[in-house]
Amino acid sequence: MESSTFVLFGATGDLAKRKIYPALYNLFLDGQISGPLSVIGLGRREVSNEAFRKQILQSLQTFSRQPAVDSPQLQVFLEAFEYSVLDVGNTEDYFKLLEHVKRREQLFNIPENRMFYLSVGPEFFKEIAANIHSSGLGSTKGWKRLIIEKPFGTDLKSARELNDSLNAVFTEEEIFRIDHFLGKPMVQNLEVLKYSNPVLRALWKNRYIANVQITASETVGVEERAGYYDKAGALRDMFQNHMLQLLMMMAMQLPKGSTPEEIRGKKRYVMEHLIPISKDEVNKHVVRGQYAEGEMKGNSVAGYLNEPGINQSSQNETFIAARLFIDDPLWNEVPFYVRTGKRMKEKSTRIVIEFKEPFNDSNNLNKGNDVPNLLIIEIGPNEAITLQLNTKDQLQKGKLEPVLATYEAGTSDVPEAYENLIFDALRGDATFFAHWREVELSWQWVTPIQEAMEEGLMPLHTYASGSYGPDAAMELLGEDRWWFDEADQDTEVLSAQAEVAATQESIRPGA
Ligand SMILES: NC(=O)C1=CN([C@@H]2O[C@H](COP(=O)(O)OP(=O)(O)OC[C@H]3O[C@@H](n4cnc5c(N)ncnc54)[C@H](OP(=O)(O)O)[C@@H]3O)[C@@H](O)[C@H]2O)C=CC1
Ligand SMILES: O=C1O[C@H](COP(=O)(O)O)[C@@H](O)[C@H](O)[C@H]1O
């Protein structure tokens, strides 16, 4: 990896403090940053270099996975940071920034490699890119790259417009669209899990898989983000990006040792073959909900409509669940159930793969006692892989007993999502960033849902805070029983689980 200058727009913001500085610090401590580190932080506020470094130190002390103890290394790290005032709309500020960048490049003998990280509101993305170009900041003898945060547009049209304006300055290869779920270690492990285990590789197809469930449930509510969230909702905030990215990562089929470009090509293939749903059939496949008051860990919490900053008549969804199908010989007829919501019972991001039930129990001893084989991949906050199997209950001859074989991964030594992603961007590896076509196809897929919502065609179900979401989301599963949540990993609960629900009419879109 060649050394470079890291130019951070939004250096005084929340994301920089909570994620970017700790990530840079941990990469620095782990020896992953080659050459001298030079970071120029930007914002409108007047901040001296000294005060800026103090803010960074506080951020490390609060959020870094490795402690920020006073040491020569910590001092070297902090001295790599300088601050410049820059107002996005002020073109003069970009010329000053260019001088600043050049000065430090010369001082530290850093080649003209420039990483521009846009950790500012999305309304500024286009203008910053244009000014990087017109000021000459982007005319480098080395490489230039752009890391851009979400949201990437608010619908298909705005995403296309944004992409066109970025492409006027940066090529697709130079744009690194962050989806922090792709940086999560267990998501990055998915391919290895599939392709380094012949047992799983052999089973990764519709012949053996009954359904796939992808969940990101959160216990937090809207918090202080009413202004943004009440417009975005769960569809834009989580589903269009993180959830569809998890689906792509789960469903893509790759030969071992594929190149980054092949991996992204396979992800695009998944999106291209995701069966579209028309506006008329949205309600058959998608459920939306909004949290009402309820109880979280013994405390009463307010419903969404009573949260600060939320319009009392808001029709915004805080929960969304959908059933999707992929038109591909390996995935035909396998439903992918995807759901995400706020103020739910547990914080858990997970993929659960339910294997088919070829049960042929001639003496019927196990009726109601068998559980499906499951592969449970826990992505966060805990990282684990669990296989649910049936064994013989020694006390009740012939009866089955469900057992869970669990591997718990993840320790404080494991790099966090932002570390993985910033490291990859610095070395120019875009594997775990969202390619434009993935983003475009994702917006395309959700467009009928957005339209149905805007036209008031979709009911908004309420669910109690602290629950698993609206009942309608359970009904979405039909004959596929239930969503497998953390509580279902209790063997007693498992044993008590009932039989498969009665069969129902075909649920495939267009059927
Ligand atoms: N926070 C989070 O957890 C996440 C954030 N994101 C995305 O990251 C980006 C940043 O979010 P976040 O850090 O939370 O936002 P904040 O509101 O906390 O910070 C915004 C930053 O932008 C700067 N800024 C605002 N207006 C201007 C301007 N006119 N000119 C120059 N700088 C300006 C602010 O500095 P100053 O006031 O000094 O000008 C501040 O540093 C957004 O795109 C957000 O969607 C994505 C995922 C999670
Ligand atoms: O991007 C977002 O993600 C978080 C959830 O991320 P996690 O890593 O904590 O699982 C979500 O709370 C937020 O609304 C969304 O913008």
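Just so you know, ligand 1 is whichever comes first in the structure, and atom 1 is the first atom listed for that ligand. The basis for the numbers below is simple: all heavy atoms, side chains too, and nothing from hydrogens, waters or symmetry mates. This is a predicted model, so every value here is computed, not measured.
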If you look at each N/O of ligand 1, which protein N/O atoms lie under 3.5 Å away, and at what distance?
from, atom 1, to, atom 2, distance (Å)
ligand 1, 1 (N), D14, OD2, 2.7
ligand 1, 3 (O), R18, NH2, 2.4
ligand 1, 13 (O), D14, N, 3.1
ligand 1, 13 (O), L15, N, 2.8
ligand 1, 18 (O), D14, N, 2.9
ligand 1, 26 (N), R44, NH2, 3.4
ligand 1, 29 (N), D87, OD1, 3.3
ligand 1, 30 (N), V88, N, 2.9
ligand 1, 35 (O), T12, OG1, 2.9
ligand 1, 37 (O), R44, NH2, 3.1
ligand 1, 37 (O), R45, NE, 3.2
ligand 1, 37 (O), R45, NH2, 2.9
ligand 1, 38 (O), T12, OG1, 3.1
ligand 1, 38 (O), R44, N, 3.2
ligand 1, 38 (O), R45, N, 3.1
ligand 1, 38 (O), R45, NE, 2.8
ligand 1, 39 (O), R44, N, 2.8
ligand 1, 39 (O), R44, NE, 2.7
ligand 1, 39 (O), R44, NH2, 3.4
ligand 1, 41 (O), G10, O, 3.3
ligand 1, 41 (O), T12, N, 3.2
ligand 1, 41 (O), T12, OG1, 2.7
ligand 1, 41 (O), G13, N, 3.0
ligand 1, 43 (O), V120, O, 2.7
ligand 1, 43 (O), K150, O, 3.3
ligand 1, 45 (O), K150, O, 2.9

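If you check the side chains of N311 and S313, you find a donor sitting under 3.5 Å from an acceptor. Between the side chains of E172 and N163, no donor-acceptor pair is found at a separation under 3.5 Å. Residues N420 and D424 have side chains that never bring a donor and an acceptor to within less than 3.5 angstrom of each other. In this model, no donor atom of one side chain and acceptor atom of the other lie less than 3.5 Å apart for Y463 and D471. Looking only at atom types and distance, the side chain of E149 has a donor-acceptor partner in the side chain of Y117 under 3.5 Å away.
Aromatic pair Y291/F319: centroids not less than 6.0 angstrom apart.
Taking the six-membered ring where tryptophan is involved, the planes of Y304 and Y229 are perpendicular, since the angle between them exceeds 60° and thus also 30°. Between F152 and W436, the two ring planes are tilted [angle within 30° to 60°]. Below 30°, between 30° and 60°, or above 60°: for F81 and F52 the angle between ring planes is above 60°, a perpendicular geometry.
For ligand 2, the 4.0 Å heavy-atom shell takes in K150, H180, F181, K184, E218, R225, D237, M238, H242, K342, K347, ordered by chain and residue number.
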